[in-house]
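The next block holds one structure in the form of structure tokens; read it before the comments.
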Amino acid sequence: MMPLKRFYTVCWLLLLLLAAPVAVAQAQDLELAREYFNKGDFSKAEDIYGKLIQKQPLFDTVYPEYLKTLLAQRNYKEAEKLVKKTIKRYPGNVAYEVDLGLVYQAAGNEAAAAKHFDKLIVQLKPEQTIVLASVFMQHQLYDYAEKTYLRSRELTKNPLEYNRPLIALYTYRQKNSSLIPEALNLLQQDEQELAYVQNMLQNSLRDETGFKALEKELILRVQQNPDKLSYNELLIWLYVQQLDFYSALLQARAVDKRTRSGGTRVMELGTISAQNKDYQGAIEAFDYIIKEYPEGPYYLIARQRLINAREEQVQHTFPVDVAKIRTLIADYDALLNEVGRSAQTAEVLQHMANLYAFYLNDKEKAVTLLQEAIAMPRANPDLVAESKLTLGDIYLLKEEPWESTLLYAQVEKTNKDTPIGYEAKLRNARLSYFKGDFELAQAHLDILKLATSREIANDAMDLSLLITDNTGLDTSTMAMEDYAAIELLIFQNDLPKALQALDAMLKKYPSHSLTDEIYFQKATVYERTGDFTQAVAMLEKVIQAQQDILSDDALYKAAFIYEENLNNPDKAKELYNQLLVKHQGSIFAAEARKRFRKLRGDGAN
């Protein structure tokens, strides 16, 4: 006789063999139904699905496709019957419960659907929360997903329950009025969530209204929770997002005074302010470090950066005050006398050389300082390379372009595929441009357009377009050569001679494609010499010509001059607004928006 265990095994194999043809046939029917559905032949698809749904093993696969088929045929009664039967079959499965509401919606009975969904939420059990909310999300019923999470909070009496899912939901929908308190509640619970909260707010806040609402709520919470440093950090982050570096600095100083944390945050903001040309903010930040932490690790670098920021401020305040330039040199000298000449202070020599060469016309002194910086033992290689580039510029001032070319090429060769190497190539391209060798300049620029540094790539693109637009349609390059020679004069700070040459070009080449560039350069020269009325007059000519390449530059520069130099805030506001309307993608848009809001009376934001 056959052993019992072997008998059962044989029986099981026989059943599998008998079932196999059935399973294959059902799979074929399912594929056929899907094919009919995809072709839009819903009636035939329904017939097959109606038979397959009776097969228990296929139910989970067939049900959603069968329901979709019924709804596609607008057979709402049959769809409702299918879902209700399924709910009875699988009680407690909220996904099927949601399907019933979806059937009501598809049938156009919004009231019945809303009533049904609300009933599901009222009858919610806490353990069903994630599943029900997920099903609602899957069907883009976001309001009901939100209600589900909030209902669960009521049931568990935990006001922070499902905090992160709600934050994600509000961020996705950009529902800032709900997102802000929810995100801040998470931060109140766990200050380690600051990076997550910043990321979610950054993804959602897109306009002034959202930023204002966050600022208002944050200020209130900072007052209510002075020990929650994450709120202060978030407020600083918010001001930086709005390019309001001064407000960020005030907040950072207040936090630092309370925590005595060494001034790291203030130092960072000083650097950010300087990079964004908020020189006064940078000056105040570095001055704070010097006064509060004279024995701290940032003291030396703060001393140096304070003078750097004042240097930038002086260089960008026209006309440049030569007396202030001498004061800056004296301050740099005092710093060197205090801390000594070393690899750590070699950058000071570079800055002093720049001031001597470009503002005091003492090129020999500048060369001596730069040679000292380059020869400094253990000096940072990048600083040495930068000093060589500055030395190359000074040789250009001295009208020794071959020396400049050699230095630029040397830096490029020793710093291949690095930002400073690209900068060296850009200066060589500029030198070729000044000399009128546009073909060689373009060869350099074509490579630089692909540079990893966006700033260098943009500069290369601008110069390349200038050359292409003004030489491509004309076999003669004389006008372009004259213009490039004038740009060299401006670089060499020979402004009166440059102005005369620009006027001569307007007469020599009337209606040339370079006309707008000439007026823009005249505006630049007038601005640097302090003749602001003439500067805006030249810029107005560019604006009226409506040349897209220079229009936003001219609008921003004119608005800035009206605001900062001519004390005409109404005209400045008008021009900033004009730029924002006509040139939304301009690189000046963010700063123009900030200044426009300030002039409009919105505050510093």
_According to side chain to side chain donor-acceptor pair (under 3.5 Å), does anything in residues 384-394 pair up with another residue at least two apart or in another chain? List the pairs._
Gln350-Thr390, Lys388-Gln410, Asp393-Tyr408, Asp393-Arg427, Asp393-Arg430
*asked:* If the test is side-chain contact (heavy atoms from CB on, under 4.5 Å), which one of Leu335, Asp331, Asp333, Ile307 qualifies with Val348?
replied: Leu335
_Tell me if the CD atom of Glu439 is crowded by more than 12 foreign heavy atoms within 6.0 Å._
no
*Verify side-chain contact (heavy atoms from CB on, under 4.5 Å) between Arg310 and Thr327, making sure each step is shown before the conclusion.*
CA-CA 10 Å; Arg310 286 176 42 225; Thr327 300; 4.0 Å; yes
*Starting from the C-alpha separation in whole Å, work towards a yes-or-no answer on side-chain hydrogen bond (donor to acceptor under 3.5 Å, both in side chains) for Thr468 and Gln442.*
CA-CA 9 Å; Thr468 304; Gln442 282 286 27; 2.9 Å; yes
*Which one of Gln492, Glu403, Glu364 satisfies the side chain to side chain donor-acceptor pair (under 3.5 Å) criterion with Lys398?*
Glu364
_Salt-bridge contact Lys582-Asp552 (side-chain N to carboxylate O under 4.0 Å)_ = no
_Salt-bridge present (Lys291, Asp287; N to O < 4.0 Å)_ = yes
*Taking the side chain as C-beta and beyond, is there a heavy-atom pair between His351 and Leu355 under 4.5 Å?*
no
*asked:* Applying side-chain contact (heavy atoms from CB on, under 4.5 Å) to Met538 and Phe520, what does each step give before you reach the verdict?
replied: CA-CA 7 Å; Met538 295 301 103; Phe520 192 87; over 6 Å; no
*Distance, nearest 0.5 Å, that separates CG of Leu450 from OH of Tyr422*: 8.5 Å
*Student check: side-chain heavy atoms of Glu311 and Asn354 closer than 4.5 Å*: yes
*asked:* Could you check whether any side-chain heavy atom of Pro401 comes within less than 4.5 Å of a side-chain heavy atom of Leu431, counting everything from C-beta outward?
replied: yes
*Distance-minimising heavy-atom pair for Ala353 and Ile394*: O-CD1, 4.3 Å
*State, without any angle test, whether Ser453 and Glu423 hold a side-chain donor-acceptor pair at a distance under 3.5 Å.*
no
_Glu215 and Tyr239: side chain donor to acceptor below 3.5 Å_ = yes
*asked:* Donor-acceptor check, side chain of Glu191 to backbone of Ser230, threshold 3.5 angstrom: yes or no?
replied: yes
*Considering residues, nucleotides and ligands other than Lys228, do more than 12 of their heavy atoms fall under 6.0 Å from its NZ?*
yes
*Distance only, no hydrogens: is a donor on one side chain within 3.5 Å (strictly under) of an acceptor on the other, for Ser464 and Lys449?*
yes
*asked:* Give me the atom names and distance for the closest heavy-atom approach of Val542 to Asp516.
replied: CG2-O, 3.6 Å
_Donor-acceptor contact present, side-chain Asn415 to main-chain Thr418, <3.5 Å_ = no
*Check the pair Thr264, Tyr298 against side-chain hydrogen bond (donor to acceptor under 3.5 Å, both in side chains), reporting the backbone distance first and the verdict last.*
CA-CA 8 Å; Thr264 300; Tyr298 298 121; 3.0 Å; yes
_Tell me whether Arg326 at atom CZ has more than 12 heavy atoms from other residues, nucleotides or ligands lying less than 6.0 Å away._
no
*Within a reach of under 6.0 Å around NZ of Lys363, are more than 12 heavy atoms found that belong to other residues, nucleotides or ligands?*
yes
*Would you indicate whether Asp207, at its atom CG, is surrounded by more than 12 heavy atoms from other residues, nucleotides or ligands within a distance under 6.0 Å?*
yes
*Less than 4.0 Å between a side-chain N and a carboxylate O, is that true for Arg595 and Glu591?*
yes
*Quick check: are there more than 12 heavy atoms from other residues, nucleotides or ligands sitting under 6.0 Å from CD of Gln174?*
yes
_Under 3.5 Å side-chain donor-acceptor pair for Asp190 and Tyr196_ = no
*Does the pair Glu563 and Phe596 meet the rule for a side-chain contact (heavy atoms from CB on, under 4.5 Å), with working shown?*
CA-CA 10 Å; Glu563 180 186 3; Phe596 174 76; over 6 Å; no
*Look at atom CZ of Arg378 and say whether more than 12 heavy atoms of other residues, nucleotides or ligands are closer to it than 6.0 Å.*
no
_Could you check whether Ser551 and His583, counting side-chain N and O atoms only, form a donor-acceptor pair closer than 3.5 Å?_
yes
_Quick one about Thr515 and Tyr509 (side-chain donor to acceptor, distance below 3.5 Å, no hydrogens or angles considered), yes or no?_
no
*Given side chains that start at C-beta, do those of Asp256 and Ser261 come closer than 4.5 Å, heavy atoms only?*
yes
*Specify the closest pair of heavy atoms between Ile420 and Ala385, including all atoms of both residues, with the distance to one decimal.*
CD1-CB, 3.4 Å
*Go through the steps for His512 and Met505 under the test side-chain contact (heavy atoms from CB on, under 4.5 Å), then give the verdict.*
CA-CA 9 Å; His512 194 276; Met505 271 200 79; over 6 Å; no
*Going by distance alone, is a donor N or O of one side chain under 3.5 Å from an acceptor N or O of the other, for Gln344 and Ser342?*
yes
*Any side-chain donor-acceptor pair under 3.5 Å between Tyr332 and Asn308?*
yes
*Parallel under 30°, tilted from 30 to 60°, perpendicular over 60°: which one fits the rings of Phe491 and Phe358?*
perpendicular
